[in-house]
Amino acid sequence: MHNRRRFLKDIGIAAGATLLTSSSFAIPASQTASRKLLRFGFITDLHHLQFGKNEEARMKGFMNAVLKENPDFIVQCGDFCRHTNSDEILTEWNRFKGPKYHVLGNHDMDFCDKATIMKFWNMPKRYYSFDKDGFHFVVMDRNFLKKQDGTLVDYNTSNWGPFPSPQRSFTDQAQLDWLREDLATAQFPVIVFMHQPVFLSDFYQEMGNADDILEIFDQANLNATKKNTGNKVAAVFMGHDHDDRHGERNGVHYFIINSASYVYTNSGAHYYKDPLYAFITLDPVGILTIEGRSTTYRDETPDAVRARFPTKISNHKVGF
């Protein structure tokens with residue numbers, strides 16, 4: 001079983017308060033001559049209209065913070081909204097006039113196919129990469145199901161359908177080939193965004209071909225070490241699990257970032273009082289800083305849920 005995240009001493013908070021917390025992590029230094037800090041806003045698993053819940057207020061809370069912070073770009077890491085009755089979510093999203101990036105999540109195709117939700121979001125490609133201020137960013141699509149005959153099919157309409165856990169969260173071979181080449185030709189340290197985790201998750205039966213992706217990251221970083229280049233995979237940001245975790249594997253920092261809205265357990269959905277999101281800063285000298293939000297549960301919540309699932313984006317710090 002994967003090691004659990006390790007907490008430093010918690011910060012005392014008043015009931016219902018929303019905090020800004022920060023964590024710093026060492027990452028490979030960028031070779032760029034620029035010393036500009038890069039800062040982006042991050043939100044995942046908003047789940048607008050999941051269980052019939054309208055999440056426009058949560059989205060507005062995030063966007064108000066974005067407009068105040070004015071980051072270099074923003075990214076949503078999947079399970080964002082459906083293609084109907086979500087116009088106000090996109091209106092909020094588009095209040096920020098800077099670059100905006102989407103990651104596909106499994107629930108985004110609950111009522112449509114990938115092409116439909118991508119068109120609604122104005123998302124040109126399901127996986128892609130871009131450079132910004134001395135860093136290389138990769139966006140992945142892990143939304144494939146594996147049939148009994150080994151072929152992969154898209155998550156299209158009704159999410160998982162009849163497929164059991166071991167047949168979910170796969171990445172297609174064309175994308176894996178692209179990823180290997182993209183990392184090999186990257187000029188800067190690499191930050192990856194994906195919805196379904198490849199590491200740290202408790203849902204061990206539902207990680208698809210995560211090992212293929214980890215092998216590509218391992219090989220890319222070994223090649224960068226041999227060549228003494230600066231294009232190592234530095235960090236991977238993931239959603240999906242509605243949890244708050246950090247772990248390091250072969251020099252790569254992996255983060256499962258908490259849902260903006262709720263945690264789901266056998267006792268149902270337990271909603272947070274305030275939206276959770278983060279602002280992440282990358283320093284070219286090799287420092288990654290996370291500033292997250294902390295809140296409480298909105299309603300009375302069983303102690304077992306409160307003990308297991310933190311209502312925050314983590315406030316721990318790793319030295320180097």
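Fair warning: this is a prediction, and the values are worked out from it, not measured in the lab. Below, each value reflects all heavy atoms present in this structure, side chains not excepted, and no hydrogens, waters or symmetry copies.
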So, using salt bridge (Lys or Arg N to Asp or Glu O under 4.0 Å) as the criterion, who are the partners of [X] when residues are at least two apart?
X      : value
Arg298 : none
Asp218 : Arg249
Asp212 : none

Pairs where residues 151-166 contributes a residue and the test salt bridge (Lys or Arg N to Asp or Glu O under 4.0 Å) is met, not counting sequence neighbours:
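Matches after skipping sequence neighbours: Lys114-Asp154.
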With Arg306, which residues qualify under side-chain contact (heavy atoms from CB on, under 4.5 Å), at least two apart?
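With sequence neighbours excluded, Arg306 shows a side-chain contact (heavy atoms from CB on, under 4.5 Å) to Tyr297, Thr301, Asp303, given in chain and number order.
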So, using side-chain contact (heavy atoms from CB on, under 4.5 Å) as the criterion, who are the partners of Phe111 when residues are at least two apart?
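Result, side-chain contact (heavy atoms from CB on, under 4.5 Å) vs Phe111: Arg82, His83.
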Heavy-atom distance under 4.5 Å between the side chains of [X] and [Y], does that happen here?
X      : Y      : result
Met59  : Phe80  : yes
Asn228 : Lys226 : no
Pro71  : Phe279 : yes

Could you label the plane-to-plane angle of the [X] and [Y] rings as parallel, tilted or perpendicular, counting under 30° as parallel and over 60° as perpendicular?
X      : Y      : value
Phe73  : Phe193 : perpendicular
Phe135 : Phe137 : tilted
Phe217 : Tyr254 : tilted

Given ring pair (Phe, Tyr, Trp, His ring centres under 6.0 Å), test His270 with His242 step by step and report yes or no.
CA-CA 11 Å; His270 303 280; His242 298 216; over 10 Å; no
Please lay out, stage by stage, how Val153 and Phe163 fare under the test side-chain contact (heavy atoms from CB on, under 4.5 Å).
CA-CA 11 Å; Val153 294; Phe163 290 83; 4.2 Å; yes
Is the ring centre of Phe255 less than 6.0 Å from the ring centre of His246?
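Yes, the ring centres sit under 6.0 Å apart.
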Would you call Arg39 and Glu291 a salt bridge, using N to O less than 4.0 angstrom?
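Here Arg39 pairs with Glu291 in a salt bridge, since their nearest N and O are under 4.0 Å apart.
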Sole candidate of Ile256, Ile257, Val192 that passes side chain to side chain contact (heavy atoms under 4.5 Å, CB included) when paired with Met238
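Answer to the side chain to side chain contact (heavy atoms under 4.5 Å, CB included) test with Met238 among Ile256, Ile257, Val192: Ile256.
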Take Arg245 and Asp202 through the salt bridge (charged side-chain N to carboxylate O under 4.0 Å, His left out) test and state the conclusion after the steps.
CA-CA 11 Å; Arg245 297 186 178 186; Asp202 280 347; 2.8 Å; yes
Donor-acceptor side-chain pairing of Ser259 and Asp45 below 3.5 angstrom:
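No - no donor-acceptor pair under 3.5 Å links their side chains.
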